[in-house]
Amino acid sequence: MKKILTICALAAGLTSLSSCSDFLDQQSPSEQNNESVYQSVYYTGLRLNKVYGDLTYDETYSQYMGIVWNTNSDIELVDGLGSDATNTTSERGNMNYNQDPGWAKIAKLWDRAYGTIEDANDVVEGIENSSMLKNGSKTDIATMRRYEGEALTLRAMIYLDLVRYFGDIPLKLETSKSDLSNAYLDKTDRDVILDSMMNDLDKAIDYLPWAGEDSYTTEHATKGYAHALLAQIALTRAGYAIREKAKDGYETASYSDATYPTQRPGAAERKALLERALKHLSAVIESGRHSLNPSFFNEWYLVNQRMLDTQYRENLFEVPMGLSTGSEFGYTIGVRMNGVTSLFGYGNSSGKVKLTAPFFYSYDKNDQRRDITCSNIQFKENDSKSTEMQMLGNTPFGIYVGKWDPRMESGMVNDSKTALDMTKSPSGDWYNANKAASAKQLTGINCVKMRYSQVLLMYAEVMNELAGPDGNYSGDAGLTARQALALVHDRAFSSANQSEAQNYIASIGSSKTDMFNAIVNEEGWELAGEGVRKWDLIRWNLLTEKTLEMKQTYIKYVKEAEEAAANKENSPHFQKTVYFNYIDAAHHFIDESSITWYGLPEGKTAADYQNSITSFGGSKYSDGTDKHVFTELPSISSGLVGTAESPSETPNVSVKNRYIMPIASTTISASNGHLHNSYGYKD
């Protein structure tokens with residue numbers, strides 16, 4: 001088997017431990033040459049498994065590409081603010097848009113991603129040149145084509161993410177030659193790359209089965225995912241992007257850099273791309289193969305339990321991981337376990353991804369997604385060596401992402417599996433492994449790359465652009481934009497509060513702008529922490545505006561809380577003090593329904609609660625010393641927005657809208673002069 005040749009770097013071949021449930025068998029067919037590998041369905045399957053194995057590394061979807069590099073947005077922040085936010089040798093600086101080509105992890109991601117592309121190229125090329133396509137049985141030919149479809153889809157997924165990170169990059173669609181004549185490549189325009197990937201996915205769709213056909217699971221690249229990924233790429237292609245130079249016929253954003261303009265295609269091309277996206281989103285919806293799990297909680301319980309949902313298949317594709325061998329979901333992101341605890345065992349990291357207080361308060365108080373998504377608690381040992389569930393205090397930029405939760409990982413749910421049950425003892429494979437661990441324990445939780453709710457939101461966006469909130473369009477799935485949005489929004493409310501959800505949908509105005517704004521909000525409420533928001537804001541050209549809007553909102557809420565506290569009133573948003581009760585005498589678990597997020601309820605006093613803590617309203621705006629207002633807030637995404645703190649201010653930055661990462665200096669130096677940095681970065 002050939003060695004893997006990355007762009008401008010050599011990465012040795014085929015030895016990789018699998019960390020996924022469907023792909024544990026990855027023994028290397030290294031004793032076989034390429035010609036014999038691709039004359040065997042069995043060996044071809046092993047070669048494809050290597051591509052899936054590539055996706056489980058820290059540098060790909062276990063951590064970098066699955067978690068950290070998807071910050072910052074207006075609602076998601078990398079951990080570490082103040083002076084940390086300018087540290088260009090860590091995630092804390094680079095994800096706050098203070099990027100530096102010397103940061104070592106840039107090269108690591110680049111090499112691993114292009115190594116994966118090389119493996120996928122090998123599979124595609126090997127199958128296309130295999131005599132089995134002519135001489136094999138009908139079943140064998142279909143299997144080989146399925147393998148090819150999976151490789152094409154995974155390659156398109158990687159290229160989309162690389163384009164998002166770096167903009168124009170080398171496009172390599174063939175295996176490297178031994179003389180390296182095709183190993184050193186110039187950059188390809190990002191639009192050309194995305195067009196190529198969409199064309200590949202058109203081919204892959206014909207080869208791939210739907211999830212559920214012949215035991216084909218969502219831990220494979222499914223037909224549904226290929227459709228949805230193509231639509232996602234089409235929307236990215238139709239959206240705004242900062243570019244190395246202006247393109248003729250493209251629209252330039254009102255907020256744009258003079259040298260590196262932020263542009264999107266003209267109206268006619270955008271319409272064609274939206275129609276292309278609609279075709280593929282409608283195919284997923286009309287197939288009936290995927291639907292929303294009626295319970296948002298149960299959707300995330302299954303993810304935490306490492307169980308595939310074979311009933312609703314809300315997740316169109318999950319990168320398959322393996323317990324103890326892959327995935328930092330629940331470790332680098334998730335509910336805080338502060339140190340080793342007697343209840344859950346080894347603690348997780350400090351959590352690289354955090355949510356903001358303005359986002360928390362943007363939810364309707366009856367939206368069930370809020371307390372699943374936003375975790376304001378931690379588990380920590382007390383002085384009596386007993387695990388306490390503790391409220392986090394005034395941490396407006398340090399709310400953990402609760403979608404990954406040790407309580408769900410440990411099976412602590414009620415009999416109907418619709419809510420947490422604090423009377424149940426933790427158990428299960430992850431729990432047993434974590435109790436025995438003395439170092440970082442990889443959770444094995446899959447990286448979810450696409451959910452059906454995201455399909456519905458993209459569909460609503462496309463339908464709104466083409467036909468308005470309530471219109472129909474040729475090729476649609478029989479749903480208007482409003483109806484598709486309603487499916488996502490209504491699911492978030494209990495049966496007792498359905499009328500409230502329906503009234504909200506009905507209240508959205510009849511203009512495209514009204515519906516678009518509602519979609520932008522819903523996307524945040526539904527997908528926060530899942531690595532989606534930043535990229536949608538970029539293509540909408542809202543990343544800078546929404547970041548500044550969040551800062552402005554935070555200051556507004558702090559001022560409101562100060563005034564309310566002075567008048568001994570409840571603030572509509574931030575409270576100076578929140579009160580709460582425990583479920584049990586040992587303080588293992590807080591009754592989260594008791595937390596007074598909106599002030600003391602009518603008829604209640606502080607004496608009705610067992611405990612309290614200073615909360616988001618405990619910040620001060622007027623005294624000039626509060627660290628959240630005067631140190632942390634200005635540092636958030638400072639490389640993108642400078643010191644501006646409202647949308648009315650123009651960011652004082654050297655390059656406007658510079659969210660793009662630089663190419664690593666080591667990669668450039670090894671490129672034989674083919675690669676260089678743009679956007680004001682040094683090489």
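As a basis for the values below, the full set of heavy atoms in this structure was taken, side chains included, without hydrogen atoms, waters or symmetry mates. Here the structure is a predicted model, which is why all the values come from computation and not from measurement.
Side-chain N or O atoms of Thr222 include none that pairs as donor or acceptor with a backbone N or O of Thr218 at under 3.5 Å.
Among residues at least two apart or in separate chains, side-chain hydrogen bond (donor to acceptor under 3.5 Å, both in side chains) pairs with a member in residues 344-353 are Asp79-Ser350.
Taking the six-membered ring for Trp and the full ring otherwise, the centers of Tyr554 and Phe574 sit less than 6.0 Å from each other. Tyr361 and Tyr598 have their aromatic ring centers within a separation under 6.0 angstrom. Taking the ring centroids of Phe379 and Phe344, they lie under the 6.0 Å cut-off.
Counted by atom type alone, Glu76 and Asn70 present zero donor-acceptor pairs between their side chains at under 3.5 Å. Side-chain contact of Ser362 with Asn521: a donor-acceptor pair under 3.5 Å is absent, judged by distance alone. Using modelled atom types, one finds no donor on one side chain facing an acceptor on the other under 3.5 Å when comparing Tyr504 with Asp367. In this structure, a donor-acceptor pair under 3.5 Å is present between the side chains of Asp591 and Ser593. A donor-acceptor contact closer than 3.5 angstrom is absent between the side chains of Trp540 and Glu523. Looking only at atom types and distance, the side chain of Thr418 has a donor-acceptor partner in the side chain of Asn414 under 3.5 Å away.
A salt bridge is absent between Arg533 and Asp536: the closest approach of a Lys/Arg side-chain nitrogen to an acidic carboxylate oxygen does not fall below 4.0 angstrom. One finds a salt bridge joining Glu526 and Arg451 here, because a Lys/Arg side-chain nitrogen approaches an Asp/Glu carboxylate oxygen to under 4.0 Å. Under a 4.0 Å N-O distance rule, the pair Asp364/Arg369 does not qualify as a salt bridge.
Cation-pi geometry between Lys449 and Phe317 is not met: the NZ or CZ atom fails to fall both under 6.0 Å from the ring centre and inside 45° of the normal.
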| task | Could you check Arg491 against Glu299 for salt bridge (Lys or Arg N to Asp or Glu O under 4.0 Å), going step by step and ending with a plain yes or no? | result | CA-CA 11 Å; Arg491 194 257 300 256; Glu299 153 70 12; 5.8 Å; no

| message | Under the criterion salt bridge (Lys or Arg N to Asp or Glu O under 4.0 Å), I'd like the reasoning laid out for Glu549 against Lys546: C-alpha separation, chi angles, the key distance, then a yes or no. | response | CA-CA 5 Å; Glu549 186 179 293; Lys546 286 293 183 180; 3.3 Å; yes

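Ring geometry for Tyr301 versus Phe297: interplanar angle under 30°, hence parallel rather than tilted (30 to 60°). A parallel orientation is assigned to the rings of His573 and Tyr557, their planes being inclined by less than 30° (bins at 30° and 60°).
Few gaps surround NZ on Lys435; more than 12 heavy atoms of other groups in view lie less than 6.0 Å from it.
Between Phe397 and Lys354, the shortest heavy-atom distance links the atoms O-CB, 3.5 Å.
Rounding to the nearest 0.5 angstrom, the gap separating the CD atom in Gln454 from the CG atom in Leu281 is 10.0 Å.
For the side-chain hydrogen bond (donor to acceptor under 3.5 Å, both in side chains) test with Glu409, the passing option among Tyr431, Trp404, Trp430 is Trp430; the others fail. Checked against Ile636 for a side chain to side chain contact (heavy atoms under 4.5 Å, CB included), the options Val78, Leu77, Thr356, Asp74 give a single hit: Leu77.
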